[in-house]
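Position 1 is the first residue of the sequence, and the numbers go up from there. All ligand and atom numbering here is 1-based and tracks the order in the structure.
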Amino acid sequence: MALDIDDIQTLFERRGAEQYSGEPVTQLQHALQTAHLAELAAADDELVTAALLHDLGHLLNEQGETPSLRGIDDLHQYFALPFLRGLFGERLLHAIQWHVDAKRYLCATRPEHWASLSEDSRRSLVLQGGVFSAEEAQAFIARPHAQDAVQLRLWDDLAKASDRPTPPLSHFLERARRCSL
Ligand SMILES: [Fe+2]
Ligand SMILES: [Fe+2]
C-alpha cells in the first residue's frame, strides 16, 4: 500500500494535469504552488513536502468533477495517509490530515479568512462540518502539529493562481526525499 517517491512522481505524471475541481489550476499546479509558497516562507523539508502532497488524496481517490457540487465530501485529507505512512514522519502526516480542519479553524479565528476563500472552498467547508465553534477551535489548535496544518492551509488557499511560475516537480521531490524515513 505504501508509496515511494518514484510512485508519487508517477502519480503526478499520470493525473497531475487534471483540473483542480472548481479552480483555475491543475492538480499539479496547485501542489507546486502550495509547496513553492511554503518554500518562499522558508519552511523546512517536511512542511514543504506536506504542502506538495496535501491534496494527494484527490489523485488517489477518483470522485469525478467538483464533488462538492454533488454534496460529496471526498475526505481527501485522510485518503492519502495509509499510502504515505512509513514513507514520512508523523508531523508531515498530521499537517496533511488536518489541513481541512485548519480551514474550519481559520474561519473561526480570523473573520476575514472566509471572505478570502474560493467558491469551491466555501462550498466544501459546509460539507466538511462548517466553521468551528470557539471550543472546537481551541481543541483543534491543541492537537500536535495543528500549527503546521494552519500554516499549510494559508499557502493552500493562495495556491490557486492560473499563471504563477514555480520550480519543477523534481525540485520538490528532492526535498521530499531528504525528509523521507
Ligand atoms: Fe485539500
Ligand atoms: Fe489544496
Undergrad: Taking D7 first and then R14, would you say they form a salt bridge - that is, a charged N and a carboxylate O separated by under 4.0 Å?
TA: no
Undergrad: For the Fe ion (ligand 2), what is the closest N, O or S atom on D156?
TA: OD1
Undergrad: Is any N, O or S atom of H54 under 2.8 Å away from the Fe ion (ligand 1)?
TA: no
Undergrad: So which residues get pulled into V150's cluster when ILVMFWY side chains under 4.5 Å apart are joined, directly or through others?
TA: W98, Y105, L106, F132, F140, I141, L154
Undergrad: Using a 4.5 Å cut-off on heavy atoms from C-beta on, say whether the side chain of I8 contacts that of L84.
TA: yes
Undergrad: Find, among atoms of D55 that are N, O or S, the one nearest to the Fe ion (ligand 1), and state its name.
TA: OD1
Undergrad: Report yes or no: does H30 have an N/O/S atom closer than 2.8 Å to the Fe ion (ligand 2)?
TA: yes
Undergrad: Ring centres under 6.0 Å, that's the criterion: do H171 and H36 meet it?
TA: no
Undergrad: Strictly under 2.8 Å, is the Fe ion (ligand 1) approached by any N, O or S atom of H76?
TA: yes
Undergrad: For H58 together with F79, are the ring centres under 6.0 Å from each other?
TA: no
